[in-house]
Amino acid sequence: MTTQLRAPAAAAAALLPFWLAACSGGASIPQPAGPSGANPSPLAREAVKIREFNDLPKYYDYYSAAAIAPGPQNTLWVTDYIDQDAGENAIVRIATSGKATATYYYGGLTSEGSSLDSITQGPDGAMWMADGYNGQILRMTTDGTFTSYPVGNFYGPNCITEGPDGALWFTATRGSGESEIGRITTTGSLKTYPAAGEPIGITAGPDGALWYAEYAGDKIGRITTHGKIKEYSNGITAGSGPYSIAAGPHGALWFTEVTGARIGRVTIKGQITEYAGPIAPTERPTGIAAGLDGAMWFTEFEFVDSYRVLASKIGRITADGRITQYSKIDAQAEPTGITLGPDGNVWFVESYTNRTGRISFPNFPTTKKSSSKIMGGSR
């Protein structure tokens with residue numbers, strides 16, 4: 001973390017590589033609306049409506065939305081990053097109207113600030129965050145009461161999700177480069193497992209295990225709730241940078257390749273397929289989440305240089321790998337975290353412009369609330 005104020009409107013572009021918005025979270029997979037959960041069909045561009053909301057904290061242009069996840073009572077929660085010299089990180093409760101209804105501020109364990117890189121709802125109804133700068137897992141009740149659980153990783157943890165065993169699971173990387181997968185109960189009992197490849201995104205899979213993306217290892221990892229790890233790399237192009245991962249329909253998981261400009265699919269047996277479609281080699285797919293339409297939705301953007309965003313898009317990929325891109329957002333938005341909301345719409349955050357966004361399908365039967373638990377978001 002820098003000790004110098006960032007130039008207005010340039011914060012998120014400098015921050016993103018490579019820890020922001022890598023989670024998709026949740027322990028259940030949304031069931032597609034429509035007849036018999038059939039394979040998702042293409043959506044006409046005019047059938048997809050994207051709306052941006054400008055209701056996050058303002059301090060010139062220094063705030064950068066980092067992660068988003070659904071919470072209790074049909075709400076969404078966003079972590080909003082700011083340099084510690086300008087203010088404190090914010091955790092914002094958002095209604096499905098897009099309006100902010102509460103904001104809680106957290107500075108950190110010291111005056112050096114914090115980095116709330118991901119957020120998820122825990123089985124206890126509280127919101128849990130990974131604070132990589134302070135080396136802690138942070139629990140926050142919905143009235144803004146914080147509890148800190150140190151995990152001893154100065155440069156981690158970076159992503160957190162609810163596991164199938166009633167605990168929270170997270171990825172972490174130490175300053176020495178060593179990596180870990182961590183498990184923490186809602187009472188703070190902690191256990192870690194050595195891992196490789198700089199794990200970033202993590203999510204619960206349909207097989208009762210946790211699955212994670214290895215950014216440096218170009219692999220997808222699987223860890224059981226007892227700590228047994230297996231890695232899969234066959235089918236992943238070298239240098240692709242697997243980043244965010246989420247469970248999808250039909251018993252598979254999907255992940256983004258942030259430096260490979262592709263979307264990957266992995267079955268629970270470890271069979272991997274990559275899809276590029278219309279994604280340009282210079283574009284960066286970042287967050288990914290399942291929608292109620294039976295497809296996966298992802299965020300992507302393209303840099304002019306390390307401080308300026310050239311183009312921003314929302315992507316959709318069907319179960320058979322057909323990709324559609326939507327550019328109905330601010331070109332400089334830099335969308336990152338994405339999640340399925342409690343209203344059945346897909347929600348995302350814009351790190352560069354510090355906004356939230358909502359993707360809805362007025363002519364498609366997906367906006368009804370799912371009867372199953374909705375998976376969390378990136379965090």
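Side chains included, hydrogens not; waters and symmetry mates left out as well; all remaining heavy atoms used.
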Whether [X] side chain and [Y] backbone form a donor-acceptor pair below 3.5 Å:
{"X": "T224", "Y": "A209", "answer": "no"}
{"X": "D131", "Y": "S115", "answer": "yes"}
{"X": "T120", "Y": "T161", "answer": "no"}
{"X": "S351", "Y": "P335", "answer": "no"}
{"X": "T171", "Y": "I200", "answer": "yes"}
{"X": "K328", "Y": "V48", "answer": "yes"}

Notebook entry, point to check: Any luck finding a side-chain donor-acceptor pair between E334 and T353 under 3.5 Å?
Noted result: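 Note: E334 and T353 side chains miss the donor-acceptor criterion.
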Check: Going by atom types only, do Q332 and E350 share a side-chain donor-acceptor pair under 3.5 Å?
Finding: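 Q332 vs E350: no donor-acceptor pair found between side chains.
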Note, [X] side chain near [Y] side chain (heavy atom, < 4.5 Å):
{"X": "Y63", "Y": "L56", "answer": "no"}
{"X": "D80", "Y": "N89", "answer": "no"}
{"X": "Y81", "Y": "Y62", "answer": "no"}

Next item on the list: Please confirm whether F361 and W297 have ring centers closer than 6.0 angstrom.
Entry: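 When the ring centroids of F361 and W297 are compared, they turn out to be within the sub-6.0 Å range.
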Check: Is the W254 ring parallel, tilted or perpendicular to the Y275 ring (thresholds 30°, 60°)?
Finding: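 Rings of W254 and Y275: parallel, as their planes differ by under 30°.
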Next item on the list: Take the angle between the ring planes of W77 and Y104 and call it parallel below 30°, perpendicular above 60°, tilted in between.
Entry: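 If you compare the ring of W77 with that of Y104, the planes turn out parallel.
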Next item on the list: Check whether more than 12 heavy atoms from other residues, nucleotides or ligands sit under 6.0 Å from atom NZ of K58, and answer yes or no.
Entry: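 Counting neighbours around NZ of K58, more than 12 heavy atoms of other residues, nucleotides or ligands fall under 6.0 Å, so yes.
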Check: Do F255 and Y243 pass the ring pair (Phe, Tyr, Trp, His ring centres under 6.0 Å) test, and can you show the C-alpha distance, the side-chain angles, and the key distance before you say yes or no?
Finding: CA-CA 7 Å; F255 58 95; Y243 193 70; over 10 Å; no
